[in-house]
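Down below is the structure, laid out as structure tokens.
What you are looking at is a predicted structure, and each value in this text was computed from that prediction instead of being measured.
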Amino acid sequence: MGDCESVIILGSGCAGLTAAIYLSRAGLCPLVFDGNQPGGQLTGTSEVENFPGFPEGIDGYELVERMRKQAERFGAKFVGDSAQQLLPHENLHEREITLSGQTQTYRCSALVIATGSSPCKMNIPGEREYFGGGGVSTCATCDGAFYRGKTVAVLGGGDSAVEEALFLTRFCEKVYLVHRRDNLRASKIMAERALANKKIIPVWNAIAESIDGDGKKVIGLTVRNSTSGERSQISCSGVFVSIGHRPNSEFAAGVLKLDPHGYFCCDPKDEVLSSVPGIFLAGDCADSVYRQAVVAAGMGARAAIAAERWLRTG
Ligand code: NAP
């Protein structure tokens, strides 16, 4: 077991890194867990157009890299680990929180949980079989360039799906946007942009039933029309699943309160306080409503300030 840290931050996305900037500037040398996806969801985003301060937009990866450097400049330390289990507090008055990582156990006096969320899966035949090199992906920024000149399908109707579809038009000849309803959930500006793009072909009221392949690679997607019940196959060599995210909170189940969808429950008086004193929440793991980078950053700052006050009153 390592030394008792004053404060540990779980997650190195926008929320965790902002908390790290604040806590390191306060002289608390936080230990930041990189987590399963270092840099968080922004690393899989192409252009971020709505983060204040970047009138021309900024590449998502570059944005988190800048935040990380800013935290390191003030003394934040990073560890390539992810939380496996948060252990119940035996004695809250001792102000000692214990959690297990992949290979070792950590102790701290305050904890900021900023573990974000992970892409949801469709759980349909072919999805798992062809995931990765076979043609199924959850990240157009990461894998889009492999589909140059090809036809792909994006599943979903929210901002993420629309953003993925628009990004894929840079490489692909045709992008089917397959949505289970007849209008997009995405924001108006994004939806209009997608529907005006000639390479994007919306497929409405389409329930994806299976991702079909030749044993090695994806060759198509079978969809059922929810109105007529008719089945058809869309020929494509890639399928990008973009149907939302689920919070990364399993490691704390049984210790912290979770809502029915797995989001951390916040204190009704302050959304960065968890159900256990000394444990603070930030970002998408505790925000089922806004889920924006700038909101996650704001929560990270608030969680850090709350953690610092908690440590100071110890
Ligand atoms: P989302 O808004 O929850 O949308 C998920 C989409 O997937 C919905 O259209 C939903 O259909 C569909 N879906 C869910 N489960 C499905 C299933 N089993 N089968 C088929 N379709 C399914 O998630 P998101 O697009 O990831 O966005 C999350 C948040 O991030 C939002 O607040 C969004 O505004 C924000 N975001 C913003 C930007 C930006 O501003 N640049 C970019 C990306 C994300 P229904 O519509 O029928 O429910």
Side-chain angles (χ1 to χ4, degrees), residues 41 44-46 117-132 134-144 146-147 149-214 217-247 260-263 284 288-292:
Q41 284 180 57
T45 309
S46 46
S117 58
S118 301
C120 294
K121 300 277 169 62
M122 290 289 294
N123 297 319
I124 54 173
E127 183 183 37
R128 192 197 296 218
E129 188 181 347
Y130 295 109
F131 197 85
V136 178
S137 170
T138 51
C139 177
T141 321
C142 319
D143 301 323
F146 298 126
Y147 297 89
K150 299 197 171 154
T151 296
V152 297
V154 175
L155 305 184
D159 277 324
S160 298
V162 164
E163 195 173 72
E164 298 277 86
L166 283 164
F167 181 77
L168 287 163
T169 60
R170 295 189 197 179
F171 313 99
C172 303
E173 200 172 277
K174 215 187 265 181
V175 179
Y176 289 103
L177 181 57
V178 179
H179 185 33
R180 63 184 176 184
R181 293 186 297 117
D182 65 358
N183 63 303
L184 297 172
R185 175 184 294 278
S187 54
K188 194 162 173 277
I189 182 171
M190 296 285 281
E192 282 174 357
R193 220 179 271 173
L195 298 177
N197 190 309
K198 296 230 158 27
K199 283 189 175 180
I200 296 180
I201 299 151
V203 186
W204 303 118
N205 299 316
I207 312 288
E209 289 197 327
S210 64
I211 296 171
D212 312 318
D214 61 6
K217 299 262 177 212
V218 167
I219 56 166
L221 174 75
T222 298
V223 296
R224 177 173 47 84
N225 185 290
S226 59
T227 320
S228 67
E230 228 173 82
R231 283 196 173 78
S232 56
Q233 198 195 45
I234 295 169
S235 290
C236 58
S237 38
V239 175
F240 289 82
V241 179
S242 193
I243 58 165
H245 291 80
R246 66 177 167 70
H261 302 288
Y263 288 91
D284 285 15
S288 61
V289 179
Y290 300 107
R291 295 178 289 178
Q292 300 294 304

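Considering every non-hydrogen atom in both G156 and L177, the closest pair reads O-CD1, 3.5 Å. Listed here is the closest heavy atom pair of V162 and A194: CG1-CB, 3.7 Å. A140 and E164 make their closest contact through N-OE2, 2.9 Å (heavy atoms, listed as atom of the first residue, atom of the second, distance). Here the shortest heavy-atom pairing between R181 and W204 reads O-CE3, 3.4 Å. Looking at every heavy atom in both residues, L221 comes nearest to A208 through CD1-CB, 4.1 Å. Pairing each heavy atom of Y263 with each of D284, the nearest pair is CE2-O, 3.2 Å.
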Working note: V223 + S232, criterion side-chain contact (heavy atoms from CB on, under 4.5 Å); need CA distance, chi angles, decisive distance, verdict. CA-CA 6 Å; V223 296; S232 56; 3.5 Å; yes

Check step by step if ring-ring contact (aromatic ring centres under 6.0 Å, His included) holds for F240 and F167. CA-CA 12 Å; F240 289 82; F167 181 77; 9.2 Å; no

Check against side-chain contact (heavy atoms from CB on, under 4.5 Å), D182 and T227: CA-CA 10 Å; D182 65 358; T227 320; over 6 Å; no

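Atom CD1 of I211 sits about 12.5 Å away from atom CD1 of I219, to the nearest 0.5 Å. Taking CG of D212 as the start and CG of D214 as the end, the distance is 10.5 Å to the nearest 0.5 Å. With rounding to the nearest 0.5 Å, the separation of CG in D159 from CZ in R185 is 10.0 Å. Between the CD1 atom in I124 and the CD atom in E129 there is a gap of 12.0 Å [rounded to 0.5 Å]. Considering CD1 of I243 and NE2 of H179, their distance stands at 11.5 Å, rounded to 0.5 Å. In this structure, S160 OG and L155 CG are separated by 13.0 Å, a value rounded to the nearest 0.5 Å.
Residue K174 qualifies as open at atom NZ: its count of foreign heavy atoms under 6.0 Å is 12 or below. Annotation: L195, atom CG; neighbour count of heavy atoms from other residues, nucleotides and ligands within 6.0 Å is above 12.
Of the residues V154, V239, I234, the one that meets the side-chain contact (heavy atoms from CB on, under 4.5 Å) test with V178 is I234. Each of R246, H245, Q41 was compared with S117 under the side chain to side chain donor-acceptor pair (under 3.5 Å) criterion, and only Q41 meets it.
Between the side chain of K150 and the main chain of S237, no donor-acceptor pair closer than 3.5 Å is present. Between the side chain of Q233 and the backbone N or O of G220 there is no donor-acceptor pair closer than 3.5 Å.
Proximity of E163 to L166: side-chain heavy atoms (C-beta onward) are nowhere separated by under 4.5 Å.
Legend: residues meeting salt bridge (Lys or Arg N to Asp or Glu O under 4.0 Å) with R224, ordered by chain and number and at least two apart, are E209.
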